[in-house]
Amino acid sequence: MRFVHDTLPQRVCFGSGEAAANLSNEIGNLGASRVMLIAAPAESDLADTIATGLPVALRHDDVVMHVPVEVADRAREAAAKHDVDALVSVGGGSTTGLAKAVALTTGLPIVAVPTTYAGSEATPVWGLTEGAKKTTGTDSRVLPKVIVYDAALTMSLPVEMSVASGLNALAHCVDSMWAPNADPVNAAFAAEGIRSLAVGLPRVVADPMELDGREHALYAAYLSATAFASAGSGLHHKICHVLGGKYNLPHAQTHATVLPYVLAFNGPAAPDAERRIAAAFGTTGALDGLVALKRELNAPRALADYGFTEDSIAEAAEAILPSVPPSNPRPVTAADLRALLRAAWSGSDPGTAF
Ligand code: NAD
């Protein structure tokens, strides 16, 4: 066994019902006295419940998915005008993403309080959108200094969004098995993430207000993002990046839909990943485990349901092809991508797609 693995410097506080206390402690530890609290209008009440003890100098609620540059610029200007010395984000990946955009140019520390399973809080990856083009990059300044996880804050996340977001986390785990910097440490995190999602998500669906299922999903979201941050983007993320950016498809639902087709394509060429994923699901085959879980969760099934059209398949395949990692376990042609996208568009059985 030979590998090089970077461990990212980050503090993680996990405790249900403890976000307010943890947040207050952590802002104290940072010595911050002028906090910019970033929360979208929909999460504003949630933010109120945990931010009472903080020295908030500015509340900012101008949050838009995929962080358009003009939205980032407005947030940066507001931060400068109010002379803030720390950023607290309360929300999903879009909100964390805005805090990252501010940190990218200011170097301000972020304390992230995630309320979905997107996992952005555990990665040094930022994303900005200009026109229809999304640009991403990696910068240590955008990695939150602290993550405050509180599963109680995720109870209000609607079941449908919880499922899509949980499968977004599952996609981080699966793609980490064969991404360009895949290593045994990432694989261990990813396998435990899959196991915990397979336990937690059915419980979330059965009872969205049950804490145990939410905790399993949130813990898995952290593991999944940690694995992904280290392993990098594999084939699955390259495909979803193009679909999200070029066709404006919803992030979590796109990941949830495409994942079984990438697993069906890559799995047979990646026996070790296939074995580990199957073991994490507790099933004979990796794809069997994923398909059964998706069925149980009534998860997103076809890209056609999210606005992707059949006549975009060829164009999308051409756009994805140059970004396919050379280290993918199996060579990928434009015809392969067309077949994969066609199957994902229609929601056909992934087991017979290739
Ligand atoms: P999101 O942040 O847009 O949230 C989705 C919806 O859920 C929104 O309407 C939001 O208001 C609502 N919501 C969030 N928390 C809620 C709660 N607790 N209760 C009720 N409603 C709630 O979507 P997302 O899927 O969390 O994040 C997607 C974005 O994150 C994309 O832009 C994606 O590119 C980015 N992302 C980045 C990384 C990274 O490493 N940089 C990783 C994953 C995702």
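Each residue takes its place number in the sequence, starting with 1. Order of listing sets the numbers, starting from 1, for every ligand and every atom in it.
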Looking only at distances, please establish whether an N/O atom of ligand 1 is found under 3.5 Å from an N/O atom of [X].
X	value
S165	no
T115	yes
A118	no
G119	no
S156	yes

Worksheet item: Sub-3.5 Å donor-acceptor pair from the side chain of D183 to the main-chain atoms of H5, do we have one?
Response: no
Run the side-chain donor-acceptor check on residues 231-246: report pairs under 3.5 Å with partners two or more places apart or on a different chain.
| from | atom 1 | to | atom 2 | distance (Å) |
| --- | --- | --- | --- | --- |
| H236 | NE2 | H255 | ND1 | 2.9 |
| H237 | ND1 | D175 | OD2 | 2.8 |

Identify the closest protein heavy atom to [atom]: which residue and atom is it, and at what distance?
atom	value
atom 1 (P) of ligand 1	S94 OG, 3.4 Å
atom 16 (C) of ligand 1	L157 CD1, 3.5 Å
atom 24 (P) of ligand 1	G93 N, 3.6 Å
atom 44 (C) of ligand 1	H251 NE2, 3.5 Å
atom 38 (C) of ligand 1	S120 CB, 3.5 Å

Should one rank [options] by closest heavy-atom distance to [atom], which comes out on top?
atom	options	answer
atom 26 (O) of ligand 1	T95, T116, V90	T116
atom 23 (O) of ligand 1	E43, K134, M65, H241	M65
atom 40 (O) of ligand 1	T154, L153, T123	T123

Practice prompt. Measure from NZ or CZ of R330 to the centre of the six-membered ring of F265, then state whether that distance is under 6.0 Å and the direction lies within 45° of the axis.
Written response: yes
Worksheet item: Is there a protein heavy atom at a distance of less than 4.0 Å from atom 8 (C) of ligand 1?
Response: no
Item to complete: Return yes when L46 approaches ligand 1 closer than 4.0 angstrom through a heavy atom, no otherwise.
Response: yes
Practice prompt. Look at atom CG of N29 and say whether more than 12 heavy atoms of other residues, nucleotides or ligands are closer to it than 6.0 Å.
Written response: yes
Worksheet item: More than 12 heavy atoms of other residues, nucleotides or ligands under 6.0 Å from CD of E18: is that the case?
Response: yes
Below 4.5 Å, heavy atoms only, C-beta onward: do [X] and [Y] meet side chain to side chain?
X	Y	value
P124	D139	no
L98	V71	yes
S16	E215	yes
D83	M36	no

Please state which part of [X] comes within less than 4.0 Å of ligand 1, counting heavy atoms only: side chain, backbone, both or neither.
X	value
M161	side chain
V125	both
H66	both

Worksheet item: Taking atom types as modelled and ignoring hydrogens, do the side chains of S230 and N186 form a donor-acceptor contact shorter than 3.5 angstrom?
Response: yes
Fill in: Between S165 and N168: side-chain donor-acceptor atoms closer than 3.5 Å
no
Worksheet item: Do any pairs count as a side chain to side chain donor-acceptor pair (under 3.5 Å) and have a residue in residues 337-349, sequence neighbours left out, and if so which ones?
Response: E310-R342
Practice prompt. Run the numbers for me: atoms of ligand 1, each under 4.0 Å from some heavy atom of A42, listed by number.
Written response: 11 (O)
Discussion item. Which of the numbered atoms in ligand 1 are under 4.0 angstrom from any heavy atom belonging to G92?
Written reply: 2 (O), 26 (O)
